[in-house]
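Just so we're clear, the structure is a prediction, and the values are computed from it rather than from any experiment. Throughout, protein chains are lettered first and strands after them, A, B, ... in sequence-line order, and every chain is numbered starting at 1.
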Amino acid sequence: MPELPEVEAVCGKLRAEAAGAPVRRLVIQRRRITSPDDPARVEAAAAGRTLDAIDRVGKNILLRLGPVTLHAHLRMTGNLCVIPDHRLRPAAASAWFELACGRGIVFEDPRGLGTLRLLDGPLPGLGPEPLDPGFTAERFVAAARASRQPAKLFLMDQRKVAGIGNIYAAEALFHAGIDPRRPIGRIAPRRLAALHAVVVRVLNDAVQFAYITYSRPGGFREADDYTPAVYGREGESCVACGTPIRRVAQGGRSTYFCPKCQR
DNA sequence: CTGCCCCTGTAA
DNA sequence: TTACAGGGGCAG
């Protein structure tokens with residue numbers, strides 16, 4: 001589920017509901033999520049701390065617990081949410097925090113690919129935050145011109161830009177009119193500058209959607225989710241020209257695009 | 001670069 | 001039954 005916009009909404013909701021909350025203890029249910037950390041060590045590190053802050057870096061969530069930082073990554077199907085009673089957690093809980101007030105923060109993850117580890121030091125290898133002022137067109141164009149990756153793989157490369165995933169990479173390239181297979185370094189700087197602006201706009205729009213969706217009781221609601229122009233629409237008509245949307249594989253994952261609008 | 005792995009649910 | 005899923009790390 002989550003790319004930068006959804007992770008941001010998860011963090012925003014956690015901040016609104018649980019920032020400053022004392023943590024009685026942390027329970028690791030699915031041992032694999034702390035790998036290679038020892039689950040008992042992660043549990044012990046969090047017990048009795050206060051959840052001082054919740055930070056997002058790309059798709060990563062940093063839970064600040066006094067001197068301890070826990071690094072959560074939701075991968076494909078993870079979610080972090082506050083529940084009124086920690087005993088009433090969902091079956092797919094990989095881990096949960098029991099707060100002093102009796103509420104819980106649940107790491108729910110049906111597929112179990114998400115991770116929750118101890119972090120010391122900064123997260124390595126992440127590119128600029130696309131919604132921060134430091135993400136300028138100049139820097140983006142320079143990085144792009146130095147790369148020979150296909151445009152979509154470049155956008156999804158967390159070392160180039162942090163937080164973009166399969167959906168928003170495809171959506172940004174559609175709105176910029178760029179073929180996702182095209183080597184990004186061979187695109188004219190002026191078109192790359194346009195892509196930069198589109199990336200920022202697409203992500204900002206998606207953050208708005210995600211906040212609306214996640215701020216409701218019950219959390220995520222399908223009907224209110226962002227409606228993609230190309231993602232997941234293989235064979236359907238392009239919203240701009242009516243041409244059937246195509247699907248190709250890139251980096252082992254599906255890419256959707258309009259062969260007429262995107263060159 | 002490709003392919004495989006992690007794991008489970010869901011749809012064709 | 002197979003394919004695929006909004007992620008990422010690894011080996012070849």
Side-chain angles (χ1 to χ4, degrees), chain A residues 1-11 28-37 39 56-61 71-80 90-95 107-117 119 123-127 130 147-175 180-185 199 202-203 205-211 213-214 219-236 245-257:
Chain A
M1 199 173 54
E3 299 184 32
L4 183 153
E6 295 78 25
V7 176
E8 174 57 30
V10 166
C11 288
I28 305 295
Q29 179 73 7
R30 192 193 292 260
R31 297 179 59 82
R32 190 178 302 275
I33 73 165
T34 65
S35 176
D37 293 346
R56 180 190 60 73
V57 184
K59 301 172 193 170
N60 301 276
I61 298 169
H71 170 209
H73 197 300
L74 305 178
R75 287 291 200 276
M76 300 284 270
T77 53
N79 193 15
L80 270 174
S94 287
F107 193 131
E108 185 183 5
D109 189 3
R111 231 172 129 180
L113 299 177
T115 56
L116 182 65
R117 303 182 180 120
L119 182 72
L123 287 171
L126 283 180
S147 168
R148 279 166 291 186
Q149 286 174 293
K152 173 155 173 281
L153 296 184
F154 177 89
L155 290 181
M156 290 180 64
D157 186 338
Q158 304 299 298
R159 298 166 300 187
K160 306 299 198 306
V161 186
I164 303 175
N166 207 26
I167 291 187
Y168 300 118
E171 293 299 295
L173 289 167
F174 171 77
H175 291 293
R181 301 165 296 183
R182 197 158 154 209
I184 197 157
V199 163
V202 164
L203 291 177
D205 288 353
V207 167
Q208 304 309 311
F209 270 95
Y211 261 104
T213 300
Y214 279 88
F220 184 77
R221 285 217 336 217
E222 188 81 30
D224 296 325
D225 199 11
Y226 176 94
T227 304
V230 288
Y231 179 82
R233 299 191 63 241
E234 181 184 19
E236 296 176 38
I245 298 302
R246 282 192 56 196
R247 178 167 72 95
V248 296
Q250 285 186 291
R253 327 210 22 211
S254 291
T255 295
Y256 301 86
F257 68 105

Q: Give the nucleotide from the list B/dC1, B/dG9, C/dG8 with an atom nearest to the side chain of A/Pro110.
A: B/dG9
Q: Give A/Arg30 one of three labels, base, sugar-phosphate or nothing, depending on what nucleic acid heavy atoms sit under 4.0 Å from its own.
A: sugar-phosphate
Q. Checking all strands, does A/Pro150 fall into the base, sugar-phosphate, or nothing category for heavy-atom contacts under 4.0 angstrom?
A. sugar-phosphate
**Q.** Note, A/Leu155 side chain near A/Tyr168 side chain (heavy atom, < 4.5 Å)
**A.** no
Q: Name the pairing partner of B/dC7, where a pair is Watson-Crick or G-U wobble with both distances under 3.5 Å, or state none.
A: none
**Q.** A/Arg32 vs B/dC7: side-chain N/O to OP1/OP2 distance below 4.0 Å
**A.** yes
Q. Can you list, by residue number, the residues of residues 245-253 of chain A that have a non-hydrogen atom closer than 4.0 angstrom to DNA chain C?
A. A/Arg247, A/Arg253
Q | Candidate nucleotides B/dC6, C/dG7, C/dA5, ranked by approach to the side chain of A/Tyr256 - the nearest | A | C/dA5
Q.
In whole Å, measure the gap between the C1' atoms of C/dT1 and B/dC6 for me.
A. 22 Å
(Q) The test is side chain to side chain contact (heavy atoms under 4.5 Å, CB included); show your working for A/Arg56 and A/Leu4 and say whether it passes. (A) CA-CA 9 Å; A/Arg56 180 190 60 73; A/Leu4 183 153; 3.4 Å; yes
Q: Using a 4.0 Å heavy-atom cut-off across all strands, classify A/Thr77 as base, sugar-phosphate, or nothing.
A: nothing
Q.
So A/Gly112, base contact, sugar-phosphate only, or nothing? Heavy-atom distance under 4.0 Å.
A. nothing
